[in-house]
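Chain identifiers are assigned alphabetically (A, B, ...) following the order of the sequence lines, protein sequences preceding nucleic acid strands; residue numbering begins at 1 within each chain. All values reported here derive from a predicted model rather than from experimental measurement. Basis for what follows: all heavy atoms, side chains included, without hydrogens, waters or symmetry-related copies.
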Amino acid sequence: MAFTLPELPYAHDALAPYMGEETLQLHHGKHHQTYVTNLNNLIAGTDLENKSLEEIVVISSKDPTKAGIFNNAGQHWNHNLFWRTMKKGGGGKPGGELLKRIEHDFGGYETFAEQFKQAGVTQFGSGWAWLSLDGDKLKVSKTPNGSNPLVDGATPILGVDVWEHAYYLDYRNRRPDYLAAFLNHLVDWEAVEAELAKASA
Amino acid sequence: MTMLTRRFALAGLAGTGLIGTGLLGRRPAFAQAAEGPFKLEPLPYSYDQNEPHIDAQTMELHHDKHHASYVEKLNQAVSGHGELASQPLHEILAKLDSVPEDVRKAVRNNGGGHANHTMFWQVMGGSGGAPSGELAEAIDRDLGGFEAFKTAFNQAGADQFGSGWVFVTVTGDGALALTSRPNQDTPLMDGQMVLFGNDVWEHAYYLKYQNRRAAYLEAWWNVVNWEVVAQRYAAAKAGTLTI
């Protein structure tokens, strides 16, 4: 069955000024839509056509002849998580079980935040920075282009897109400012906690 | 000075020869650059030279921020390695394996970025059209003619997933080939010479073209300086082309 572009769970202008309306329109309506269209075209009539998105990401990651499928499947999965873990008025410190887990695995929220921003800043070129559940531990990592930690057996529960299209209209070359704004004003920590529960189940 | 007032100021100065001579004052990006052997040269023309195809704001950010950052980080990377600081950049890049491991990745990314952008500014600032003479003959012979070559070059740029570059390499015998590389990698890292190339990082085109990379690739041909490319071609055959 063909994959479809999910609706954004908020209006295009909901995340402004931290993520502008034009950025969201282009990022969701053009970039993400293109990944979905390309993915559907590339898997049509192949043995991947009826696999889950996660299966397609993992299988294509191990086969260099399927690089095009991997790029587009990865980006479809990555953006799906990205949209559903942001909200208007988000950001700041998480609470509840998620905060306990972050404090346990990183020694404190501030340490996690620094590691996460550092992963985003040091991802050279296009890619993503992640918070993932790896076994029973939370871990920060970064991946290039359309890849993600699923290919190494971990489950991302939060990801920030550091392709320049994610922030160039709003922040120009200032990627660190974008990463700080993402953590301070955009992350939907309740949604991230729900991702953690799903990943743990 | 705000970006807006700078744009007006530059619009008034375009063509006067004052740009890049220091008469406009030092730009902050230069003042902040770490001391070191590698230098950010001024753009060889005004920020608005490539309008309307490449906008002045993109040129300013691309040169004064992105390129400046590669130079600054390259200088940081070599600062503890005197043997690197004394070598020409193209020679360092041609043997990355012998660069100390603790700075190899930084030299690859930032040295590549410095070399690629230095070449990039040189081959732009022109008025497009078509190459002539020996270079045109080489394109016909090795790349299937100018129109077919442009189509293949644009396709290679569109197919580069994520950040990267499209290049034409040249041998000492004048043979040309089309290739692409991710991020700031360059054929210099394989010991080859680069005749010219186009930057397909999103920062090269996003303010004006947004997601439409294909439109940027098409428009870019309007600002290629074929005279400079022909000079680089002659230098490659003479054995004097570096980056």
Chemist: Within residues 87-102 of chain B, which residues come under 4.5 Å of chain A, heavy atom to heavy atom?
Modeler: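 None at all.
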Chemist: If the contact rule is any heavy atom under 4.5 Å from chain A, which residues of residues 149-158 of chain B qualify, in numerical order?
Modeler: none
Chemist: Quick check: does any side chain N or O of D190(B) sit under 3.5 Å from a backbone N or O of Q192(B), one acting as donor and the other as acceptor?
Modeler: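 Here the side-chain-to-backbone pair does not exist.
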Chemist: With no hydrogens and no angle check, is any side-chain donor or acceptor of S126(A) less than 3.5 Å from a backbone partner on S163(B)?
Modeler: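 Indeed, once roles are kept as given, a pair shorter than 3.5 Å links the two residues.
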Chemist: Would a distance-only check, ignoring hydrogens and angles, find a side-chain to backbone donor-acceptor pair under 3.5 Å from N145(A) to S147(A)?
Modeler: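 No, the answer is negative, given that no donor and acceptor are paired below the 3.5 Å cut-off.
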Chemist: Between N50(B) and G125(B), is there a donor-acceptor pair closer than 3.5 Å when you use the side chain of the first and the backbone of the second?
Modeler: yes
Chemist: Does W83(A) offer a backbone N or O that forms a donor-acceptor pair with the side chain of Y10(A) under 3.5 Å?
Modeler: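 It does hold such a pair.
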Chemist: Check for a donor-acceptor pair, side chain of N40(A) on one end and backbone N or O of F3(A) on the other, with a separation under 3.5 Å.
Modeler: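 Checking the backbone N and O of F3(A) against the side chain of N40(A), a donor-acceptor pair under 3.5 Å is found.
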Chemist: For Y167(A) and D177(A), run side chain to side chain donor-acceptor pair (under 3.5 Å): C-alpha distance rounded to whole Å, both residues' side-chain angles, the deciding distance at 0.1 Å, then the answer.
Modeler: CA-CA 10 Å; Y167(A) 63 87; D177(A) 291 357; over 6 Å; no
Chemist: Non-hydrogen contacts under 4.5 angstrom with chain A: give the residues of residues 199-209 of chain B involved, or none if there are none.
Modeler: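 Within residues 199-209 of chain B, the residues under 4.5 Å from chain A are W201(B), E202(B), H203(B), Y206(B), L207(B).
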Chemist: Could you walk me through whether F116(A) and F182(A) pass the side-chain contact (heavy atoms from CB on, under 4.5 Å) check?
Modeler: CA-CA 11 Å; F116(A) 187 78; F182(A) 178 79; 4.0 Å; yes
Chemist: Give a yes or no on whether the backbone of G113(B) and the side-chain of H117(B) come within a donor-acceptor separation of less than 3.5 Å.
Modeler: yes
Chemist: May I ask you to decide if A191(A)'s main-chain N or O and T85(A)'s side chain share a donor-acceptor pair within less than 3.5 Å?
Modeler: no
Chemist: Check each of W77(A), W128(A), W163(A) against F82(A) using the ring-ring contact (aromatic ring centres under 6.0 Å, His included) test, and report the only one that passes.
Modeler: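 Result for ring-ring contact (aromatic ring centres under 6.0 Å, His included) with F82(A): W128(A).
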Chemist: Residue by residue, which of residues 28-38 of chain A have a heavy atom closer than 4.5 Å to a heavy atom belonging to chain B?
Modeler: K30(A), H31(A), Y35(A)
Chemist: When you look at E103(A) and K100(A), which way does the salt bridge (Lys or Arg N to Asp or Glu O under 4.0 Å) test go after all the steps?
Modeler: CA-CA 5 Å; E103(A) 286 174 339; K100(A) 280 187 210 148; over 6 Å; no
Chemist: Ignoring hydrogens and geometry beyond distance, is a side-chain donor-acceptor pair present between Y70(B) and N116(B) at under 3.5 Å?
Modeler: no
Chemist: Just by modelled atom types, is the A154(A) backbone N or O under 3.5 Å from a matching donor or acceptor in the D134(A) side chain?
Modeler: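 Side chain of D134(A) to backbone of A154(A), a donor-acceptor pair under 3.5 Å: no, none is there.
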Chemist: Could you tell me whether the side chain of P187(B) reaches within less than 4.5 Å of the side chain of T179(B), counting heavy atoms only?
Modeler: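 The answer is yes, as the side chains (C-beta and beyond) meet within the 4.5 Å cut-off.
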Chemist: Quick check: closest heavy atoms across T155(A) and A199(A), and the distance to 0.1 Å?
Modeler: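 Looks like CG2-CB, 3.7 Å.
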